Asker: 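Can you read through this structure? Questions will come right after.
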Amino acid sequence: MSIHRSGIGMTSQRTRARMISRLRDQNIQDEVVLAAMNSALRHLFVEEAIASRAYDDVALPINFGQTISSPFIVARMSELLRAGSDLGKVLEIGTGCGYQTTILAQFVDEVYSVERIGSLLSRTRSRLRESRLNNVRLKHADGLHGLPEAAPFDGIIMTCATMHLPSALLSQLAIGGRMVYPKGSQEQYLCVIERNIQGYKETILDEVKFVPILSGIVKN
Ligand code: SAH
């Protein structure tokens, strides 16, 4: 797959370099995040028909009514989650096409990612297998329950929006850990929750637009 697609001008290293300089203009400052996004081949995460738009600053369709988040959103959420240091264990809810997962894998020891749509996950599973990321575990599951068997997590990132955070997720966050997620339905804001020994502290940030979190899993 990558052999005949890697030569396309629109998907070259130069196109990625332009995306990185745009992210800098948008005030993304974390060099680790920028380096991860400079190396990941984002055009391989979308359908070939729209690959030429992969590096534009937009969310794009990835089938099953879902979307790959825009480069800015991926960078912003990664920067907020990292908060300046690499992380041990992270849970991602909403694997989708696996682009955010791939970025996380560059600065997280172990990434656990759950997705509710079975067919979307199988496609992503083979894509990630090709990129030989050996610190990523994918699971077909309902992220509303978190992933108790691998908890606690130093970071949790949710790529679908919710009005109320499930208590399962809050309890699976390690003390000293941080969670980044979009809060709301019609109107949504990026939120960061930090857990310390006293409890949880929430900070509300930028207005965003994500698909909603849905309960239950879809087999095919
Ligand atoms: N980071 C992904 C975003 C995909 S969109 C990407 O860049 O491709 C959000 C994803 O969350 C969708 O794939 C959707 O199916 C998934 N999702 C929604 N509710 C979920 C739930 N309860 N558990 C797990 N995944 C969920």
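Only a predicted model underlies this, so the values are computations on that prediction, with no experimental measurement involved. Numbering starts at 1 and runs along the sequence shown. As a basis for the values below, the full set of heavy atoms in this structure was taken, side chains included, without hydrogen atoms, waters or symmetry mates. Remember, it's 1-based here, ligands and their atoms both numbered in the order they're listed.
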Asker: Decide whether an N or O pair under 3.5 Å exists between E115 and ligand 1.
Answerer: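 Yes - when backbone and side-chain N and O of E115 are compared with those of ligand 1, one distance drops under 3.5 Å.
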Asker: Give the residue and atom name of whichever protein heavy atom lies nearest to atom 4 (C) of ligand 1, and the separation in Å to one decimal.
Answerer: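 Protein heavy atom with the smallest distance to atom 4 (C) of ligand 1: T67 O, 3.1 Å.
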Asker: Under 3.5 Å, is there a donor-acceptor pair between the side chain of K89 and the main chain of A150?
Answerer: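 Flag set: sc K89 to bb A150 pair under 3.5 Å.
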Asker: Any idea which atoms of ligand 1 are less than 4.0 Å away from a heavy-atom of Q100?
Answerer: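 In order of number, 1 (N).
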Asker: Going by the atom numbers of ligand 1, which of them fall below 4.0 Å from some non-hydrogen atom of A141?
Answerer: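 Answer, ordered by atom number: 23 (N), 24 (C).
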Asker: Does an N or O anywhere in Y99 fall below 3.5 Å from an N or O of ligand 1?
Answerer: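 Between Y99 and ligand 1, no N or O pair is found under 3.5 Å apart.
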Asker: Looking only at protein heavy atoms, identify the closest one to atom 23 (N) of ligand 1 and say how far it is in Å.
Answerer: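 Checked against all protein heavy atoms, atom 23 (N) of ligand 1 sits closest to G143 N, 2.8 Å.
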Asker: Write out the residue and atom name of the closest protein heavy atom to atom 9 (C) of ligand 1, then the distance separating them to 0.1 Å.
Answerer: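 Scanning the protein heavy atoms, the shortest distance from atom 9 (C) of ligand 1 goes to T159 O, 3.2 Å.
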Asker: What residue and heavy atom of the protein are closest to atom 12 (C) of ligand 1, and at what distance?
Answerer: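 It is Q66 OE1, 3.3 Å.
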Asker: Relative to atom 2 (C) of ligand 1, which among T95, I68, L120, V74 owns the nearest non-hydrogen atom?
Answerer: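 The option holding the nearest heavy atom is T95.
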Asker: Between R195 and E202, is there a side-chain N and carboxylate O pair less than 4.0 Å apart?
Answerer: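 No, this pair does not count.
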Asker: Establish whether Y200 and M158 are linked, either directly or via other cluster members, by ILVMFWY side-chain heavy-atom contacts under 4.5 Å.
Answerer: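 Yes, because Y200 and M158 connect within a single hydrophobic cluster, where side-chain heavy atoms sit under 4.5 Å apart.
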Asker: At a 4.0 Å threshold, what atoms of ligand 1 neighbour a non-hydrogen atom of S69?
Answerer: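 Heavy-atom distances to S69 below 4.0 Å select 7 (O).
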Asker: Which protein non-hydrogen atom lies closest to atom 25 (N) of ligand 1, naming both residue and atom, and how far is it?
Answerer: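 Nearest neighbour among protein heavy atoms for atom 25 (N) of ligand 1, to 0.1 Å: R116 N, 3.3 Å.
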Asker: Give a yes-or-no answer on whether the side chains of S78 and Q100 include a donor-acceptor pair shorter than 3.5 Å.
Answerer: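 The answer is yes; a qualifying pair exists.
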Asker: Considering G65, G94, G96, which one's heavy-atom position lies nearest to atom 11 (O) of ligand 1?
Answerer: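 Among G65, G94, G96, the closest heavy atom to atom 11 (O) of ligand 1 comes from G94.
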Asker: Report, in ascending order of atom number, the atoms of ligand 1 lying under 4.0 Å from any heavy atom of E92.
Answerer: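 Every atom of ligand 1 under 4.0 Å from some heavy atom of E92: 1 (N).
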Asker: Which pair of non-hydrogen atoms, one from L80 and one from R178, has the smallest distance, and what is that distance?
Answerer: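 Scanning both residues completely, I find the closest heavy atoms to be O-CD, 3.3 Å.
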Asker: Any idea which atoms of ligand 1 are less than 4.0 Å away from a heavy-atom of I117?
Answerer: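 So the answer, numbered in order with elements, is 15 (O).
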Asker: Which residue and non-hydrogen atom of the protein lie closest to atom 21 (C) of ligand 1, and at what distance in Å?
Answerer: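 Result: L214 O, 3.5 Å.
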Asker: Looking only at protein heavy atoms, identify the closest one to atom 8 (O) of ligand 1 and say how far it is in Å.
Answerer: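 Ranking protein heavy atoms by distance from atom 8 (O) of ligand 1, first comes C97 N, 3.0 Å.
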Asker: Would you say the side-chain atoms of T95 and E115 include a donor-acceptor pair closer than 3.5 Å?
Answerer: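 Result is no, nothing qualifies.
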Asker: In terms of side-chain heavy atoms, does T101 have a donor or acceptor partner in E92 at a distance below 3.5 Å?
Answerer: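 A donor-acceptor contact under 3.5 Å links the two side chains.
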Asker: Looking at ligand 1, would G216 count as a contact under a 4.0 Å heavy-atom criterion?
Answerer: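 No, G216 has no heavy atoms under 4.0 Å from ligand 1.
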Asker: Do any nitrogen or oxygen atoms of V211 come within less than 3.5 Å of a nitrogen or oxygen of ligand 1?
Answerer: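 Checking ligand 1 against V211, no N or O pair falls under 3.5 Å apart.
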Asker: Is it the case that ligand 1 has an N or O less than 3.5 angstrom from some N or O of I62?
Answerer: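 There is no such contact.
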Asker: Taking the six-membered ring of Y55 (Phe, Tyr or Trp), confirm whether the NZ or CZ of R42 is under 6.0 Å from its centre and within 45° of its axis.
Answerer: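 So R42 doesn't make the cation-pi contact.
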Asker: Counting from 1, what ligand 1 atoms have a heavy atom of V114 closer than 4.0 Å?
Answerer: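 Listed by number with element, the hits are 24 (C), 25 (N).
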Asker: Is K209 salt-bridged to E187, cutoff N-O under 4.0 Å?
Answerer: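 Here K209 does not pair with E187 in a salt bridge, since their nearest N and O are not under 4.0 Å apart.
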Asker: Would you say the side chains of N196 and E194 form a donor-acceptor pair under 3.5 Å?
Answerer: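 No, no side-chain donor-acceptor pair sits under 3.5 Å.
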Asker: Looking at ligand 1, does T124 have a heavy atom less than 4.0 Å from it?
Answerer: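 Contact absent.
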Asker: Counting each atom of ligand 1 from 1 as listed, which ones have a heavy atom of D142 under 4.0 Å away?
Answerer: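 That gives atoms 21 (C), 22 (N), 23 (N) of ligand 1.
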Asker: Quick one, F153 and L147 - any side-chain contact, counting heavy atoms below 4.5 Å?
Answerer: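 Touching, per the 4.5 Å side-chain cut-off.
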Asker: Has E130 got a side-chain atom pairing as donor or acceptor with L128's backbone, closer than 3.5 angstrom?
Answerer: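 Pair absent, no side-chain N/O of E130 close to backbone of L128.
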Asker: Going by side-chain heavy atoms closer than 4.5 Å, which hydrophobic residues are tied to M163, directly or by a chain of links?
Answerer: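 Its cluster mates, by chain and number: none.
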